[in-house]
Amino acid sequence: MPGNNIKEVVIHVGLEKTGTSSIQNSLYNEDNNKLLLNKGILYPRCWKPNHGRVLCSAFSSHPERLAPNRFPKVLSKEEIQTKDNQSLKKFESTINNSTAKRLILSGEVIPNLSKKNLEKMKDYLISIGLDQAEFKIMLYTRNPVTWTISTIQQSFKSGVRYDASLNKRKNQIIPTLFQDKISKFMEVFGEESVCVYPFEKAREHGMGIMGHFLKELNVDKKVIKTLKQIRTNDSVSMFTGDFLEYINGRIPLMINGKHNSKRHRSDDKPLLRIRGDKFDIPLTEKKEIASAAEQDMTWLKVNFGIDYSKEKMTETDKYKKIDTTFEDIEKIYPILTKTIRDILLEFMEQILLPKLSSFHKDQCLELITRLKKLEEDLVQINRQEEKLQNQLNINNTDKGLMYRELALLMEVYDQYKAAELLMEKASLYRPNVKFIENKIREYKQKS
């Protein structure tokens with residue numbers, strides 16, 4: 001096997017909701033990646049920015065249970081093994097063809113691997129020529145209360161209900177969050193190899209969490225300042241959180257382990273743009289989380305000097321900034337699927353209205369009236385789309401392709417607003433496709 005020049009392997013392992021995506025996307029950015037490579041730092045681009053998906057699939061005892069191997073298609077064990085082997089070969093080729101002396105891997109799901117699985121991953125890395133390299137594990141912690149609030153929002157996007165998500169965290173995860181996630185790395189890689197930082201302080205760095213991460217790797221300040229910082233914000237508004245909880249109950253993503261034909265995994269994407277009061281949970285539940293985390297926080301303080309025991313907790317008023325929420329609902333409404341639109345109107349009439357002040361109730365009723373009027377036009381458009389879909393024999397999984405091609409047709413005739421709307425719809429069925437994302441930005445500028 002060809003040799004490599006790697007002297008240090010840095011494995012960044014989250015925790016989730018501690019700026020991990022920002023670090024990954026910033027290091028993965030093509031210009032940043034080249035600049036760091038010139039400084040002897042390799043962040044592999046042979047995989048997607050989140051390396052954890054590949055690593056967990058390759059070294060998990062049950063890869064068939066992992067989401068990437070179940071959606072959008074359920075893979076057989078043989079298919080998973082073939083895919084994983086191909087991914088690892090790409091990785092080996094990447095490091096063997098690089099002159100870098102430092103390798104960075106990043107994945108917030110890596111802590112989900114068992115100690116045995118982590119040993120398997122370490123053995124693999126050693127076996128491919130990294131036996132002379134030193135290992136460094138980097139992990140960011142977060143206050144258990146704010147971590148819970150943030151991860152609950154993420155679970156909404158996966159179709160999980162609020163009570164189920166909260167109870168799982170409060171009763172199963174929070175009591176030993178830090179010990180479970182950190183201690184196994186200490187056992188596998190050695191205590192001296194594990195570096196733990198509080199997310200709250202790290203994000204105060206002038207270049208954000210990415211800047212702090214690279215500073216801790218002794219990257220020159222001048223180099224850090226030249227990098228493009230890619231910020232991500234996965235938090236949702238109070239309205240979006242409440243609505244996702246509602247629709248996940250009314251029309252769940254999954255029924256008996258199978259996809260609900262009325263939903264698809266990205267149909268809530270436009271809802272994430274809705275501004276307003278940030279999602280929060282009641283003060284009583286915050287206190288319950290803090291109580292459940294008490295012993296674990298003590299462990300973290302004793303071992304790493306990070307103290308979350310004195311954090312303040314407050315009650316948050318709902319729907320103070322509802323004006324911007326209403327504004328955004330009206331903007332995204334035409335992009336939503338018929339299922340989401342119907343439930344959205346139901347939610348606004350039955351759940352939201354009783355929670356509002358008299359002034360905001362009037363605003364809400366006016367908005368509902370406008371949306372219902374708009375719905376009459378959208379229903380006609382949907383019928384024409386379904387007719388075209390049937391004529392072209394296009395199934396639901398190819399709807400994104402249909403919308404994309406219609407958008408490109410509208411572009412030919414300089415109908416940029418129509419093109420933007422259709423390309424937005426394409427993004428619901430084909431999320432995270434760069435061509436579609438770039439086209440949406442282009443149409444926004446031209447319309």
Side-chain angles (χ1 to χ4, degrees), residues 16-17 21 48 50 52-54 56-57 60-77 79-80 83 107-109 112 148-173 234-237 239-274 279 281 332 335-347 350-351 382 386 389 394-401 403 425-433:
E16 60 180 319
K17 315 314 294 181
S21 295
K48 291 184 178 180
N50 181 0
R53 291 172 179 251
V54 172
C56 280
S57 182
S60 170
S61 299
H62 299 284
E64 71 280 359
R65 298 177 185 174
L66 303 177
N69 296 328
R70 295 176 60 203
F71 307 109
K73 175 190 173 186
V74 177
L75 302 180
S76 67
K77 288 187 177 181
E79 288 174 323
I80 294 171
K83 173 178 68 70
E108 67 270 31
V109 292
N112 294 339
T148 298
I149 294 169
S150 188
T151 56
I152 285 175
Q153 295 174 57
Q154 191 66 34
S155 70
F156 284 154
K157 302 171 192 177
S158 302
V160 182
R161 301 293 307 279
Y162 175 79
D163 286 343
S165 182
L166 176 65
N167 289 333
K168 180 179 180 181
R169 282 154 180 75
K170 187 168 60 178
N171 299 323
Q172 298 177 34
I173 300 176
D234 295 327
S235 63
V236 302
S237 66
F239 176 88
T240 298
D242 285 350
F243 177 64
L244 289 177
E245 154 67 8
Y246 184 75
I247 194 171
N248 287 341
R250 286 280 285 106
I251 306 180
L253 274 172
M254 306 288 290
I255 298 177
N256 297 324
K258 295 182 179 180
H259 280 290
N260 185 343
S261 61
K262 295 181 180 180
R263 298 281 310 275
H264 64 86
R265 290 188 71 81
S266 298
D267 60 6
D268 61 2
K269 187 177 177 183
L271 300 168
L272 308 182
R273 305 179 199 169
I274 297 176
F279 176 80
I281 65 176
I332 67 164
I335 306 168
L336 300 172
T337 63
K338 183 69 167 65
T339 298
I340 299 288
R341 295 200 308 265
D342 288 345
I343 301 300
L344 179 61
L345 289 171
E346 177 184 299
F347 172 80
Q350 298 181 16
I351 306 299
N382 287 157
E386 288 174 6
Q389 187 179 343
I394 295 174
N395 57 35
N396 281 333
T397 57
D398 288 331
K399 264 190 176 181
L401 180 62
Y403 286 126
K425 287 191 172 186
S427 73
L428 298 183
Y429 296 90
R430 293 185 169 226
N432 306 318
V433 175

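Keep in mind it's a predicted model, so treat the numbers as computed, not measured.
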Heavy-atom closest pair, residues G249 and R161: CA-NH1, 3.2 Å

CD1 on I281 to CD1 on I149, rounded to 0.5 Å: 4.5 Å

CZ (R341) with more than 12 external heavy atoms under 6.0 Å: yes

Set of residues satisfying salt bridge (charged side-chain N to carboxylate O under 4.0 Å, His left out) with respect to R263, sequence neighbours excluded: D267

4.5 Å side-chain heavy-atom contact, F243 and I340: yes

Residue among R169, K168, E245, K17 satisfying side-chain contact (heavy atoms from CB on, under 4.5 Å) with I152: R169

Closest non-hydrogen atom pair between V236 and G241, with its separation: CG2-N, 4.0 Å

Backbone N/O of S57 and side chain of N69: donor-acceptor pair under 3.5 Å: no

Gap between atom CZ of R70 and atom CD1 of I80 - 0.5 Å precision: 10.5 Å

Distance, nearest 0.5 Å, that separates SG of C56 from CZ of R65: 14.0 Å

Shortest non-hydrogen contact between P270 and I332, atoms and distance: O-CD1, 3.6 Å

OG-CZ distance between S266 and R430, expressed to the nearest 0.5 angstrom: 12.0 Å

Plane angle bin for F239 and F347 - parallel if under 30°, tilted between 30 and 60°, otherwise perpendicular: perpendicular

Qualifying residues under salt bridge (charged side-chain N to carboxylate O under 4.0 Å, His left out), relative to E16, sequence neighbours excluded: none

Heavy-atom side-chain proximity of L244 to L271 below 4.5 angstrom: yes

Salt bridge (charged side-chain N to carboxylate O under 4.0 Å, His left out) against K262, all qualifying residues, sequence neighbours excluded: none

Sub-4.5 Å side-chain heavy-atom contact between H259 and H264: no

Separation between CG of N248 and CD1 of I343, rounded to the nearest 0.5 Å: 11.0 Å

Any donor-acceptor pair under 3.5 Å from S165 side chain to V160 backbone: no

R53 versus P68, closest heavy-atom pair with distance: NH1-CG, 3.8 Å

Reported OH-to-NZ distance for the pair Y429 and K399, which is rounded to 0.5 angstrom: 3.5 Å

